[in-house]
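These notes are about the structure you will find just below.
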Amino acid sequence: MAIKLKVNGVSLTIEADPEEPLLYILREEFGFNGAKFGCGLQQCGTCMVLADGEALATCVQPCQNFEGMEIITIEGLSEGDKSHPLQETFYSEQAAQCGYCVNGMLIAALALLRKNPKPNDEEIRLSLDKVICRCGTHSRFISAVKKAADQNSRF
Amino acid sequence: MEPLKTNRRGFIKATGQLLIGFNLFPLTFCGTKEGDGYAISPYQGIPERPHVDRSLIDSWIRLDAEGHVTILTGKQELGQGIRTALMQIAAEELDVNMDICHIINGDTGQTANEGYTAGSNSVEGSGKAIREAAAEAREFLVKKAASDWGTKVNEINVQNGIIYGPNDQKTSYWELVDGNFYEAKVSGKAKEKEPKDHQIVGKAIPREDIKNLVKGVAHFVHDLRLPGMVHARVLHPPSYSSQIIKTDLSSVNEMPGVLKVIQNGNFLAVIATREYQAVKAWQKLREVTDWEAKNINILPEQLFDDMIKSSEKAELIEDSPGITQQIRQSLQKLKSTYMRPYHMHGSTGPSCALAKWENNQLTVWSPTQGVYPLQVTLADLFDLETENIRCIGMPGSGCYGHNGADDVSAEAALVAKAYPKAPVRLQWMREDEHMWEPYGSAMRIELEAGIDQEGLVTAWDTQIWSDTHSTRPRGDAGHYISARHLEEPFEFKKGNFSGGAYRNATPLYNISSKRLRLYNYDGPLRTSALRGLGAYGNIFALESFMDEMANLAAVDPLEFRKNNLDDPRAIAVLDRLAKESNYHNRIQQSNTGYGLAFAKYKNSAAYFAVLAEVEINQENKSFHLQKLTGVIDAGQCINPDGLINQTEGGMIQSASWTLLEEVKYDEKGVLSKDWITYPILRSKETPEVIVHIINRPEEKPLGAGEAAQGPVAAAIANAVFDGTGTRVRDLPIKAEKIDW
Ligand code: FES
Ligand code: FES
């Protein structure tokens, strides 16, 4: 079936099983790497994208549910050479160890900051809570989000 | 940095390289890391060639005429920042900038055999080799310039690879190697820089790969896409002993996209064109397959008693005749038993590997911690010569020990062998990782000690019951779970019991009589190396026990430790911790508990002391770990931010193990199948973590990656005791175990 998806501002019509979760489409059809398979059970957040402003898991929801939505992946965050403020602060805080969870953390933070550009500590922690990080990099993600919020007002 | 376009295959014609001492047979059967469609690095890199001899400079460092430095290491990047640290070491000795440095990690086609990346010894081992090779390379080139110019070596100056002579002469490493092949050995005699002259080592150089990670640039083995690649899933049995009673392969075979369904004994796998088709086929295969299994008869509630009942005779690791008597006659004596459950590595991303068979040549792209051990074990599995197998290490999801990475690599190879036409990408599902990875062993630790009238510990008796902490594959295919499931199964011989089990069990404290007895236990669950091995459980016990004794002696726990210590570096981390955390003037409130702990990892690596602060909520019968403050002395610090990052991570991970984690199972098998049934610490509950470094540039660098695991566990237990009066001796430390 033809599925129409708009990812990072580009619309594409693809032939796909409408039941196929968006994650596999993003990785195989679009060639993206940001969203990753972590659990396939909507428990870990590694597969999240920003869909109409919400951080949504893509590992279970069929791709057709995302039709008509504005989908943003971390590949779509930089503008030309200019990185997104969150990408900058994740780098400057060196917020990664293995980095497998970075996509989920970025997307979770982005959803928060778009709605609430000046969150408090609690709100930041809460928004990142849906993402599993086994390396224990949490404290750095929290400070990277804080720093981005301190230095910017638009996300 | 501008990407350089070099044609790696035309290298023989190309411009020179430094120090070539190798055979020129390229591994024609193998793909490259940066194969088509997979642009991880814009720099095309040095030409590939096999590693021949670790005494050659170019086994570690290669310079090319285009102005790049490539470092080769047999160690893997696991998220610990080893790539940056090793590049810093090389750049420092060579006098070049970091931005022209590249690094190649474990690849049996190119790098030295450095075994497993484990035990926090990469900087000590690989770092040393690279430092020596870099110093030698610099010396070689500087001597060359000096003799060309007829000047003295000590009149020559190098800046970012540009060589300056005393009379305005100027050349560069790259000009010197242009068109030339040099060969030289690492003599170990080249002068290395004095720590006081270090410009790069000791600096918090950022990890550049994080720039890629935040943009979703391909990085992990999971992101590797080879032309014509197909997707596989393996259906693991529901429990260790399960056997297939019936299955229906044809119903799976006819599903869309399915290319092949494989059955080899109890090993089942599906291959499909698209990843999702493979997942669906896997689900279907699960539905149509029935298994039978033996029950597990040692259940969690019997486990710690069974350790005593079923273990063999003790191994006497350390002895002190008359110790029982000595403890009995001590002024004050104490005996306690501690327990830790099975813990999971629980990597965020399930293990993944790619494999390709072509003309009886096998190539595997793997997130393993050891490419050479993988190669010899695959040789055993397939009865192949190692030269027909190439294992290329790629970053995986953080593993901290022996997780599913080796198993998935072997399985990818098994699947690829049955489907030799195309590269096969196999990724585990979440339940595969949770249920099949080897866990960190449960342990029982009994401690008994005596104190004299001065508050000094005079005798210390340890007994440990533990399953093995290392079943990493090292040549026997039986160490791969799926090899045991084949029609002609490989036998698993456990072995390797003691090593990791008593890691850090001997106190570093100044105690004259010590005994250590170890009981090797063959437990119900699969176990192997998890970050710190036995050190986590042993330090939890030892440092909880120190606190119990301080309490018995009515001495402040910090003073008590210091009174029993001789090692000045150990005392220094404790003093620094006291200062940084304002320990002596800490605000003593009824709702706060403080707990200290200390260890020198392996009694030979980094020193680490930590203070835990817990907030007690009597009303809700709950507590919260608020803050962890740590001090680490890892000798010469290569990259302070890298050291802090890794230590913070270790602290948070250990807090998670200590507060929340235990693998659940019943007679049918493992019940901890996902993040609901095996919860780990998430952002909301994460404590504030602060790490201070004592840098000792004059000392050798010490492994630090596992230093925090044990002390954090004990510090939390001690803080909970301080705040509530309850001593929790069986992990995890949960609110319901506290006597409110
Ligand atoms: S992979 Fe989607 S939430 Fe875990
Ligand atoms: S950095 Fe490894 S999972 Fe978060």
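Just so it is clear: chains get the letters A, B, ... in the order the sequence lines come, proteins before strands, and each one is counted from 1. Side-chain atoms are counted along with the backbone in the values below, which use heavy atoms only and exclude waters and symmetry mates.
The candidate with the highest count of non-hydrogen atom pairs below 4.5 Å against chain B, out of A/G34, A/C39, A/A95, is A/C39. Comparing B/E688, B/R430, B/H222, B/R274 by how many heavy-atom pairs each has under 4.5 Å with chain A, the most go to B/R274. Ranked by heavy-atom pairs shorter than 4.5 Å toward chain A, the options B/S347, B/P350, B/G398 are led by B/P350. Ranked by heavy-atom pairs under 4.5 Å with chain A, the list B/I652, B/T348, B/L213 is led by B/T348. Among the candidates B/N645, B/D209, B/V279, B/L78, the residue making the largest number of heavy-atom pairs closer than 4.5 Å to chain A is B/N645. Most heavy-atom pairs under 4.5 Å with chain A: of the set B/E433, B/K684, B/E648, this distinction falls to B/K684.
If you measure heavy-atom distances from A/D17 to chain B, the contacts under 4.5 Å come from the side chain alone. For chain B, no part of A/Q42 is nearby; none of its heavy atoms comes within less than 4.5 Å. Contact of B/I680 with chain A is made through the side chain alone, with heavy-atom distances under 4.5 Å. Heavy atoms of B/Q80 lying under 4.5 Å from chain A are absent altogether. Looking at B/Q427, only its side chain comes within 4.5 Å of chain A, counting heavy atoms on both sides. In this structure, the portion of B/Y400 lying under 4.5 Å from any heavy atom of chain A is its side chain and not its backbone. Neither the backbone nor the side chain of A/E88 comes within less than 4.5 Å of any heavy atom of chain B. Of the two parts of B/S654, neither the backbone nor the side chain holds a non-hydrogen atom closer than 4.5 Å to a non-hydrogen atom of chain A. Neither the backbone nor the side chain of A/T73 comes within contact range of chain B, judged by heavy atoms closer than 4.5 Å. With a threshold of 4.5 angstrom between heavy atoms, A/C135 approaches chain B through its backbone and through its side chain. Using a 4.5 Å cut-off between heavy atoms, B/L628 makes no contact with chain A at all. Residue A/S139 touches chain B through both its backbone and its side chain, counting heavy-atom pairs closer than 4.5 Å. With a threshold of 4.5 angstrom between heavy atoms, A/I74 approaches chain B through its backbone and through its side chain. Interface remark: A/L106 contributes side-chain atoms only to the contact with chain B (heavy atom separation under 4.5 Å).
By the 6.0 Å contact criterion, NZ on A/K130 is enclosed, its count of non-hydrogen atoms from other residues, nucleotides or ligands being greater than 12.
Distance alone, capped at 3.5 Å, places no donor-acceptor pair between the A/S78 side chain and the A/G80 backbone. Side chain of A/Q94 to backbone of B/P206: no donor-acceptor contact under 3.5 angstrom is found. Judged purely by atom type and a 3.5 angstrom limit, A/E75 has no side-chain atom pairing as donor or acceptor with the backbone of A/F32. Formation of a donor-acceptor pair under 3.5 Å by the A/E28 side chain with backbone atoms of B/E275 is found in this model. Using a distance-only test at 3.5 Å, with no hydrogens or angles considered, a donor-acceptor pair links the side chain of A/D129 to the main chain of B/S683. Of the possible polar contacts, one joining the B/H434 side chain to the B/D674 backbone as a donor-acceptor pair under 3.5 Å is found.
For the residue pair B/H236/B/D432, the side-chain donor-acceptor check at 3.5 Å is satisfied. Between the side chains of B/Q88 and B/N639, at least one donor N or O lies within less than 3.5 Å of an accepting N or O. B/Q76 and B/Q369 form no side-chain donor-acceptor contact under 3.5 Å, judged by distance and modelled atom types alone. Residues B/N403 and A/R134 have side chains that never bring a donor and an acceptor to within less than 3.5 angstrom of each other. A donor-acceptor contact closer than 3.5 angstrom links the side chains of A/Y91 and B/E208.
By the 6.0 Å and 45° rule, B/R286 stacks over the aromatic ring of B/W282.
Considering every non-hydrogen atom in both A/Q87 and B/V214, the closest pair reads NE2-O, 2.9 Å.
Of residues 140-155 of chain A, those residues with a non-hydrogen atom less than 4.5 Å from any non-hydrogen atom of chain B are, in numerical order, A/R140, A/I142.
Expressed to the nearest 0.5 Å, how far CH2 of B/W675 lies from CZ of B/R682 amounts to 8.5 Å.
For the side-chain hydrogen bond (donor to acceptor under 3.5 Å, both in side chains) test with B/R531, the passing option among B/Q653, B/E706, B/H343, B/H345 is B/Q653; the others fail.
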